[in-house]
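This structure is a prediction, so every number in the text was calculated from the model and none was measured.
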Amino acid sequence: MSEATVDNGRRSWLITSCAMGGAGAAAVAVPFVSTFSPSERAKAAGASVEVDISKLAPGEKITVEWRGKPVWVLRRTPEMLATLEKDEPNLADPESDRTAYPIPAYAKNRHRSIKPEYFVGIGICPHLGCSPTDKLAPGAQPSLPEDWPGGFLCPCHGSTFDVAGRVFKNKPSPDNLPVPPHMYLSDTTLLIGEDTETA
């Protein structure tokens, strides 16, 4: 066996070993380095959500997810808006003064929203975290009074809310439905999770 043959053999072995070692190091490093950047799921958990409201008809409600919570967008009819003042004598906190779930300044009004037509609220009852159901039609219905103005009913313990998410008196819920930070990017696009106060 010549010296040149041995050197070529060693060279080939050395190159192969280095290549395999480098591949192994890269295989170990890639998962480790990837832990430094947040996953798509983690990004989505805290990310703002854009909502197209262009096809939302008066009286309709859609639900979107933000930070794992259901957020309602209800387009109120003129008839729904007319009930808000009438509801106030029967509400526990008509002015949203309670601070357990503080709401943005732009929702400190009778309709609890930036635009009276649209209610944006988190659909979780502050009592025990159940999700209220839509009872938007006025009038007598099971588990509701005969003069029901329309709103939401929490089926777990009977808390009722008007179409602005304000809780009625003598109900288990200690507060109104929360209002998330939000703003309008255009007349047809709503951004939930950010507003000019927090941006």
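- Nearest heavy-atom pair, Arg76 versus Ser113, reported as atom, atom and distance to 0.1 Å: NH2-OG, 3.0 Å.
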- Message: Evaluate Asp195 against His182 for side-chain contact (heavy atoms from CB on, under 4.5 Å), listing each step before the verdict.
- Response: CA-CA 5 Å; Asp195 58 25; His182 64 281; 5.9 Å; no
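- Contact of the Thr63 side chain with the Pro70 side chain is registered, since non-hydrogen atoms from C-beta on lie closer than 4.5 Å.
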- Task: Please step through side-chain contact (heavy atoms from CB on, under 4.5 Å) for the pair Tyr106 and Arg112, ending with a clear verdict.
- Result: CA-CA 8 Å; Tyr106 48 78; Arg112 299 182 80 227; over 6 Å; no
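- Using a 4.5 Å heavy-atom cutoff, the side chains of Ile122 and Leu177 are not in contact.
- For the atom pair CG (Asn176) and CG (Asp162), the distance works out to 8.0 Å, reported to the nearest 0.5 Å.
- Connection of Leu153 to Trp72 is not established within any shared hydrophobic cluster, with ILVMFWY side chains joined at heavy-atom distances below 4.5 Å, either directly or through further cluster members.
- There is no path of hydrophobic side-chain contacts, each under 4.5 Å, that joins Ile114 to Leu74.
- Ring pair His111/Tyr118: centre-to-centre distance not below 6.0 Å.
- At least one donor-acceptor pair under 3.5 Å links the side chain of Asp52 to the backbone N or O of Ser54.
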- Yes or no on side-chain contact (heavy atoms from CB on, under 4.5 Å) for Val167 and Leu91, after CA distance, side-chain angles and deciding distance? CA-CA 6 Å; Val167 68; Leu91 300 173; over 6 Å; no
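- Within the 4.5 Å cutoff, the side chain of Pro178 has no heavy atoms near those of the Ile124 side chain.
- In plain terms, the two heavy atoms of Asp175 and Pro126 that are nearest each other are O-CG, 3.6 Å.
- In this structure, Thr160 and Lys171 approach most closely via the heavy-atom pair OG1-CE, 3.3 Å.
- Annotation for Pro116 and Leu81: closest pair O-CD2, 3.2 Å, computed over non-hydrogen atoms.
- A search for side-chain hydrogen bond (donor to acceptor under 3.5 Å, both in side chains) contacts involving Arg110 returns Glu88, not counting sequence neighbours.
- Contact of the Leu84 side chain with the Val163 side chain is registered, since non-hydrogen atoms from C-beta on lie closer than 4.5 Å.
- Side-chain contact between Val179 and Pro104 is present, with heavy atoms from C-beta onward closer than 4.5 Å.
- Side chains of His127 and His157 form a contact here, defined as non-hydrogen atoms less than 4.5 Å apart.
- Residues passing the side-chain hydrogen bond (donor to acceptor under 3.5 Å, both in side chains) test with Gln141: none are found, sequence neighbours excluded.
- The hydrophobic cluster containing Leu136 does not contain Phe168, counting ILVMFWY residues as joined when their side-chain heavy atoms lie under 4.5 angstrom apart, directly or transitively.
- Two different hydrophobic clusters hold Ile103 and Ile192 under the rule that ILVMFWY side chains link at heavy-atom gaps under 4.5 Å.
- Leu144 and Phe161 are not part of a single hydrophobic cluster, where members link through side-chain heavy atoms under 4.5 Å apart.
- Closest approach of Trp148 and Ala137 over heavy atoms only: CD1-O, 3.4 Å.
- Between the Ser159 side chain and the Ser173 main chain, a donor and an acceptor come within less than 3.5 Å of each other.
- Looking at Arg166 and Asp93, no side-chain N of the basic residue comes within less than 4.0 Å of a carboxylate O on the acidic one, giving no salt bridge.
- For Thr189 (side chain) and Ser186 (main-chain N/O), no donor-acceptor pair under 3.5 Å exists by modelled atom type.
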- Check step by step if side-chain contact (heavy atoms from CB on, under 4.5 Å) holds for Leu191 and Val49. CA-CA 6 Å; Leu191 184 67; Val49 178; over 6 Å; no
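- Counted within 6.0 Å of CG on Asp187, heavy atoms from surrounding residues, nucleotides or ligands total 12 or fewer; the atom is thus considered open.
- Here Lys108 does not pair with Glu95 in a salt bridge; the nearest charged N to carboxylate O distance is not below 4.0 Å.
- Taken from CD in Glu194 to CG in Leu185, the straight-line distance is 8.5 Å, to the nearest 0.5 Å.
- The aromatic rings of Phe119 and Phe152 lie tilted to each other, with the angle between the two planes from 30° to 60°.
- Within 6.0 Å of the NZ atom in Lys69, the count of heavy atoms belonging to other residues, nucleotides or ligands does not exceed 12.
- Cys130-Cys125 SG separation is not under 2.5 Å; the pair is not scored as a disulfide.
- Nearest approach of Pro181 to Trp66, heavy atoms of both residues: CD-CH2, 3.9 Å.
- Residues Val73 and Ile53 are in side-chain contact: their nearest non-hydrogen atoms beyond the backbone lie under 4.5 Å apart.
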